[in-house]
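Notes for the one structure printed next.
Nothing here was measured: the structure is a model prediction, and the numbers come from that model.
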Amino acid sequence: MESVQYHAPQSLEDAVPLLKEARTTPSRILAGGTDLLIQMRAGVKTPEMLIDIKKIPELTQLEMGADQIRLGAAVPSAVMDENAELHQQLPGVVEGMELIGSTQVQGRATPGGNLCNASPAGDGAPAMIVSSGQCVIFGPNGTRTIPVEEVCTAPGRTSLADDELLQEFIFPAPKPGQSDAYLRFIPRNEMDIAVVGVAANITVDASGTCTAAKVALGAIAPTVVIATDIAALLVGTKLDDDTLAAAAEMASGLGSPISDKRGTTEFRHRIAGVLTRRVIKIAAARAGERLQ
Amino acid sequence: MSKTHVTTTINGDAVEYLCEVDQSLLDVLRDTLELTGTKEGCATGDCGACSVSLDGRLVCSCLVLGVEAEGKQIETIEGVANGTELHPIQQKFLENAALQCGICTPGFIVATKALLEKNPDPTEEEARYYLAGNLCRCTGYDKIIRAVLDAAAEMRGAA
Ligand SMILES: Cc1cc2nc3c(=O)[nH]c(=O)nc-3n(C[C@H](O)[C@H](O)[C@H](O)COP(=O)(O)OP(=O)(O)OC[C@H]3O[C@@H](n4cnc5c(N)ncnc54)[C@H](O)[C@@H]3O)c2cc1C
Ligand code: FES
Ligand code: FES
């Protein structure tokens with residue numbers, strides 16, 4: 001590696017000249033570094049400038065509002081996991097991030113880094129998508145807001161320009177009767193890459209009828225698959241066994257999963273169905289508890 | 001190549017050093033500061049041998065840059081014992097024969113200290129999950145977990 005410059009701006013304003021420089025100097029945003037530093041050491045990424053965003057207040061804040069939840073892009077997953085209110089409001093989003101790596105990795109890994117690394121198997125994105133997360137993108141000309149699903153465009157690629165950074169996520173606070181969940185399958189109990197990951201956000205009414213649903217699957221395609229057909233199937237039902245079986249079958253037909261040492265294509269298709277059924281049940285049970 | 005000047009605190013002592021931007025905190029600790037208690041197993045965040053505490057949070061020092069330590073509080077294995085008096089966790093690792101080659105041991109002890117500060121009375125399962133990022137090729141883990149739970153009991157008793 002040639003000599004790399006390192007900057008740790010203390011504010012978004014201080015980041016602006018650095019982002020402008022990033023238009024011409026190959027640069028990388030440094031959050032927890034749990035993807036980036038490994039990629040740099042392997043020679044896969046060769047930035048000449050690192051912009052460490054962890055000293056910018058807006059990026060490390062977690063604000064639980066009555067209407068919305070603001071999650072700074074650089075909040076470590078361990079901090080998310082320690083926030084009881086976040087667990088209550090967005091359990092699925094927390095589940096996606098707290099599954100990442102070990103205690104040590106969770107002390108550093110951030111939701112912004114997970115999303116911007118754009119791994120097809122990234123655990124953070126599916127739940128952030130079903131819980132209708134919006135991304136505030138900051139650049140020299142101000143901010144723009146896009147849905148989480150519009151950030152990753154292909155493995156390792158995002159829609160952010162060279163002079164932009166992901167500032168924060170904004171989630172609508174869940175309504176009564178609404179909740180989310182995330183489940184993944186890995187061959188071991190801890191520390192592995194998702195074979196398939198599925199997130200669901202379910203709203204139920206007092207009669208147990210599903211009134212709104214969102215389902216998204218990770219690791220079965222280059223980017224997260226949003227299963228709008230499954231969501232449409234669920235709405236209006238009581239999420240009975242037959243409906244869930246039909247949802248599982250639809251999930252098994254989605255995407256184009258790879259075959260590797262963690263699982264064959266056939267296995268991934270099947271697991272996608274199993275996880276879809278289970279995760280809808282978990283999200284629905286949580287949603288029911290939030291009716292009281 | 002120009003080096004960056006870093007001022008930080010390690011085990012309570014003010015420390016200054018020069019490092020390259022791409023140098024890990026682990027490399028700085030071992031090669032520049034000669035604090036060789038912290039070990040390198042993988043350099044990819046998988047083994048936990050390089051565990052240190054950074055502003056009170058357990059991290060892999062191989063996945064932290066030396067320049068990121070500016071203004072931080074770092075605790076390494078060298079700060080665990082009180083002079084020549086072993087910390088209860090160290091004592092219990094010895095008594096339970098929770099080590100063989102010893103490469104993983106500093107990481108386990110630093111991680112156990114972080115665990116017990118957060119949760120003084122962990123169940124066996126909680127201890128195993130918390131320490132899942134610390135790998136040991138020799139012991140088979142059972143003796144390590146026994147040492148961790150013994151140390152927890154002793155530290156609760158002493159408190
Ligand atoms: C041992 C180990 C186990 C792991 N297990 C898992 C796992 O189970 N599931 C999983 O999904 N991941 C896993 N990971 C990968 C990694 O920890 C996560 O993807 C993590 O969330 C990355 O966050 P970070 O803050 O460390 O990102 P960084 O490494 O800092 O950044 C990742 C990428 O995103 C860019 N970036 C970061 N923040 C921003 C921002 N705010 N704006 C614009 N660009 C940005 C960086 O430039 C870089 O390209 C594991 C890693 C390790 C080392
Ligand atoms: S050397 Fe850092 S985790 Fe293995
Ligand atoms: S004692 Fe040898 S690796 Fe643990």
Side-chain angles (χ1 to χ4, degrees), chain A residues 1-10 27-28 30-55 60 74-82 98-110 113 117 186 188-193, chain B residues 1-6 19-27 40-72 107-108 110-115 118-119 122 125-135:
Chain A
M1 241 185 288
E2 286 301 301
S3 77
V4 186
Q5 296 175 54
Y6 170 83
H7 301 282
Q10 307 270 342
S27 304
R28 280 279 149 190
L30 174 67
T34 59
D35 281 314
L36 182 59
L37 297 185
I38 296 171
Q39 291 161 355
M40 283 173 63
R41 234 164 267 153
V44 183
K45 296 247 165 80
T46 51
E48 288 166 25
M49 178 169 75
L50 291 176
I51 308 175
D52 184 345
I53 53 174
K54 293 189 291 296
K55 294 193 173 142
T60 52
V75 173
S77 78
V79 172
M80 293 174 65
D81 193 25
E82 285 160 10
E98 64 157 23
L99 283 172
I100 290 176
S102 55
T103 313
Q104 286 88 334
V105 172
Q106 283 157 23
R108 299 273 290 172
T110 69
N117 188 58
I186 55 172
R188 349 172 14 202
N189 288 331
E190 272 280 72
M191 300 274 288
D192 210 335
I193 298 168
Chain B
M1 279 207 264
S2 66
K3 293 198 175 194
T4 307
H5 180 256
V6 177
C19 74
E20 305 287 350
V21 167
D22 58 7
Q23 247 182 314
S24 69
L25 175 60
L26 174 62
D27 286 347
E40 176 177 277
C42 64
T44 51
D46 292 292
C47 77
C50 65
S51 297
V52 302
S53 157
L54 180 70
D55 276 355
R57 211 164 270 289
L58 185 68
V59 300
C60 295
S61 60
C62 71
L63 294 185
V64 176
L65 294 175
V67 289
E68 288 185 74
E70 175 69 37
K72 303 270 184 199
F108 265 105
V110 168
T112 301
K113 191 160 173 273
L115 164 67
K118 213 177 145 187
N119 179 358
E125 190 179 347
E126 284 168 347
R128 284 187 188 270
Y129 267 102
Y130 192 92
L131 299 171
N134 290 82
L135 303 186

Subject >> Region of A:Gln39 in contact with chain B, defined by heavy-atom distances below 4.5 Å >> reply: neither
Original post:
Side chain, backbone, both or neither: which part of A:Leu36 has a non-hydrogen atom closer than 4.5 Å to chain B?
Top reply: neither
Original post:
Side chains of A:Asp52 and B:Leu65: closer than 4.5 Å at any heavy-atom pair?
Top reply: no
Subject >> B:Arg57 side-chain N/O to A:Ala78 backbone N/O, donor-acceptor pair under 3.5 Å >> reply: no
**OP:** Tell me, out of B:Val52, B:Leu54, B:Val67, B:Leu131, who's got the most heavy-atom pairs with chain A below 4.5 Å.
**Re:** B:Val67
Subject >> Region of B:Val64 in contact with chain A, defined by heavy-atom distances below 4.5 Å >> reply: both
Which atoms form the tightest heavy-atom contact between [X] and [Y], and what is the distance?
| X | Y | result |
| --- | --- | --- |
| B:Tyr129 | A:Thr103 | O-OG1, 4.3 Å |
| A:Ser102 | B:Gly133 | CB-CA, 3.3 Å |
| A:Ile38 | B:Thr44 | CD1-O, 3.2 Å |
| A:Arg41 | B:Cys62 | NH2-O, 2.8 Å |

**OP:** Sequence neighbours left out, what passes side chain to side chain contact (heavy atoms under 4.5 Å, CB included) with B:Ala114? Give chain and number order.
**Re:** B:Leu58, B:Tyr130
Original post:
Should the pair B:Glu68-A:Arg108 be classified as a salt bridge under the 4.0 Å nitrogen-to-oxygen rule?
Top reply: yes
Subject >> Passing candidate, side chain to side chain contact (heavy atoms under 4.5 Å, CB included) with A:Gln104, options B:Cys47, B:Cys50, B:Ser51 >> reply: B:Ser51
Subject >> Sequence-distant partners of B:Arg128, side chain to side chain donor-acceptor pair (under 3.5 Å), two or more places apart >> reply: B:Glu124, B:Asp142
